[in-house]
Undergrad: 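My questions will all concern the structure given below.
Counting begins at 1 with the first residue of the sequence.
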Amino acid sequence: MSSQIHIATRKGLFRLDRNSNGWGIGCYDFEGAHVSMMLHDHRDGMTYAALNHGHFGVKLHRSNDSGENWEECAVPVYPEGAEIGADPFSTDGKPKPASLSEIWALEPGGADQPKRLWCGTIPGGLFRSDDGGTSWQLVESLWNLPERLQWFGGGKDHPGIHSICVHPKNSKHVAVSISCGGVWVTEDEGVSWHCKADGIRADYVPPDQANDPNIQDVHRLVQSPSQPDTYWAQHHNGVFRTTDGAHSWQELSGIQPSPFGFAVAVHPKQPDTAWFVPAIKDECRVPVDGQFVITRTTDGGKTSEVLTKGLPGAHSYDIVYRHALDIDGTGNCLAVGSTTGNFWISEDGGDSWQTISTNLPPIYCVRFTKT
């Protein structure tokens with residue numbers, strides 16, 4: 001079982017360590033800074049933290065000793081003249097210049113690519129590094145697709161790539177999801193891309209556009225490590241699943257008490273088991289009946305159970321962001337953090353939860369150190 005967790009928050013990066021006395025904060029870095037994303041690369045032990053300093057821009061730091069010491073490395077840079085598509089809700093209908101607003105996803109490449117990193121950004125660019133973050137290259141094959149100009153912002157002002165799934169058995173196969181831009185897959189290391197969101201629907205556009213795969217707002221995409229053709233998608237309109245490598249998607253009606261949410265985690269060894277954190281709906285982003293719960297399905301979404309043991313009862317209005325739910329390599333230990341700074345851990349697959357903190361800053365990302 002993993003013995004370390006990193007928590008990226010609105011006011012710094014926390015490291016939780018597990019010892020004989022339980023879980024406790026072992027390290028606190030970047031005090032007061034907005035840490036939008038972090039990654040612990042299990043291949044070489046390097047830890048990365050992406051900071052958003054607002055007017056002062058985006059910075060990326062890395063550490064080879066679990067956060068004891070940090071060094072600044074390069075950030076993705078958009079080439080001169082790069083543009084994002086016009087916001088469909090704007091009045092002028094004109095494209096805007098593209099510049100890095102936020103690092104929204106960081107993932108390692110395959111085991112055969114020891115220094116490869118993938119980075120998803122706002123406004124919708126995918127970048128690749130082959131030297132552990134010392135330099136970055138825009139994946140122009142995705143950026144130059146004419147369909148990209150139709151992407152638009154969901155919860156953010158501009159479109160953003162928030163989920164990157166590298167196939168565990170074939171590192172040339174990569175899937176990304178965009179809010180709002182659907183799911184895109186490459187099988188040739190980024191030479192070509194295909195939009196694979198058929199079967200996913202959108203309620204926030206006119207009915208004749210609802211099934212357009214290129215405008216789908218997938219909130220979070222995760223891939224089953226044990227059965228890589230299985231993906232789970234927590235979408236703006238519900239939960240969807242594919243078992244054929246994203247060629248077709250099925251909407252799941254068994255997720256209770258609500259199919260709306262942002263986070264999803266899949267069991268590392270059981271592809272039919274996944275966890276969600278439900279809210280009422282887009283227009284009312286609070287837990288159903290004001291009770292914070294975790295939902296688990298063990299049969300591929302046909303049915304689900306609502307987990308409450310150890311979680312707060314009535315009048316708990318926590319919401320969980322896309323990256324603030326994680327599961328360790330055993331499938332037994334889960335960790336989740338909320339927008340109001342509450343943090344819980346389960347060591348029995350979600351059957352019961354223990355409160356680790358109730359006063360952290362708003363939590364953006366939770367990740368186990370893979371040990």
Undergrad: Just by distance, do the side chain of Ser36 and the backbone of Leu51 share a donor-acceptor pair under 3.5 Å?
TA: no
Undergrad: Are Arg15 and Thr47 linked by a side-chain donor-acceptor pair shorter than 3.5 Å?
TA: no
Undergrad: Is there a side-chain contact between Arg322 and Ser179 in this structure, where contact means two heavy atoms from C-beta onward sitting under 4.5 Å apart?
TA: yes
Undergrad: The criterion is side chain to side chain contact (heavy atoms under 4.5 Å, CB included); which residues satisfy it with Asn69, sequence neighbours excluded?
TA: Asp65
Undergrad: Between the side chains of Asn214 and Gln150, does any donor sit under 3.5 Å from an acceptor?
TA: yes
Undergrad: May I ask you to check whether Ser224 and Gln227 show a side-chain donor-acceptor distance below 3.5 Å?
TA: no
Undergrad: Kindly write out the residues that satisfy side-chain hydrogen bond (donor to acceptor under 3.5 Å, both in side chains) with Asp29, not counting sequence neighbours, or none if the list is empty.
TA: Trp70
Undergrad: Determine whether Leu126 and Trp143 make a side-chain contact, defined as any pair of heavy atoms from C-beta on separated by less than 4.5 Å.
TA: no
Undergrad: Over 60° means perpendicular and under 30° means parallel, so classify the ring planes of Phe260 and Phe262, tilted if in between.
TA: perpendicular
Undergrad: For Leu221, is there any backbone N or O sitting under 3.5 Å from a side-chain donor or acceptor partner on Ser163?
TA: yes
Undergrad: Go through it in stages, so that I can follow the logic: the residues are Asp282 and Tyr204, the test is side chain to side chain contact (heavy atoms under 4.5 Å, CB included), and I'd like the CA-CA distance, side-chain angles, deciding distance and then a yes or no.
TA: CA-CA 10 Å; Asp282 177 30; Tyr204 45 81; over 6 Å; no
Undergrad: Look at Arg367 together with Glu107 and state whether they make a salt bridge at an N to O cut-off of under 4.0 Å.
TA: yes
Undergrad: For a quick check under 3.5 Å, do Asp229 and Thr243 share a side-chain donor-acceptor pair by atom type?
TA: no
Undergrad: If you look only at pairs with a residue in residues 256-267, which of them pass as a side chain to side chain donor-acceptor pair (under 3.5 Å), with sequence neighbours excluded?
TA: none
Undergrad: Quick check: are there more than 12 heavy atoms from other residues, nucleotides or ligands sitting under 6.0 Å from CD of Glu71?
TA: yes
Undergrad: With sequence neighbours left out, what residues match Thr186 under side-chain hydrogen bond (donor to acceptor under 3.5 Å, both in side chains)?
TA: Asp188
Undergrad: Could you work out, with side-chain hydrogen bond (donor to acceptor under 3.5 Å, both in side chains) as the rule, every residue matching Thr358, not counting sequence neighbours?
TA: none
Undergrad: Give a yes or no answer on whether the side chain of Trp232 reaches the backbone of Pro271 with a donor-acceptor pair at less than 3.5 Å.
TA: yes
Undergrad: Would you kindly say whether Thr134 and Arg62 are connected by a side-chain donor-acceptor distance under 3.5 Å?
TA: yes
Undergrad: Tell me, do Glu347 and Trp23 make a side-chain contact under 4.5 Å, heavy atoms counted?
TA: yes
Undergrad: Tell me, please, which residues at least two apart from Asp244 pass side chain to side chain contact (heavy atoms under 4.5 Å, CB included).
TA: Thr242, His247, Ser248
Undergrad: Tell me if the NE2 atom of His315 is crowded by more than 12 foreign heavy atoms within 6.0 Å.
TA: no
Undergrad: Given 3.5 Å as the limit, does a donor-acceptor pair link the side chain of Thr339 with the main chain of Val320, or not?
TA: no
Undergrad: Less than 4.5 Å apart, any side-chain heavy atom of Arg201 and any of Asp203?
TA: yes
Undergrad: Could you tell me whether Phe368 and His40 have their ring centroids closer than 6.0 angstrom?
TA: no
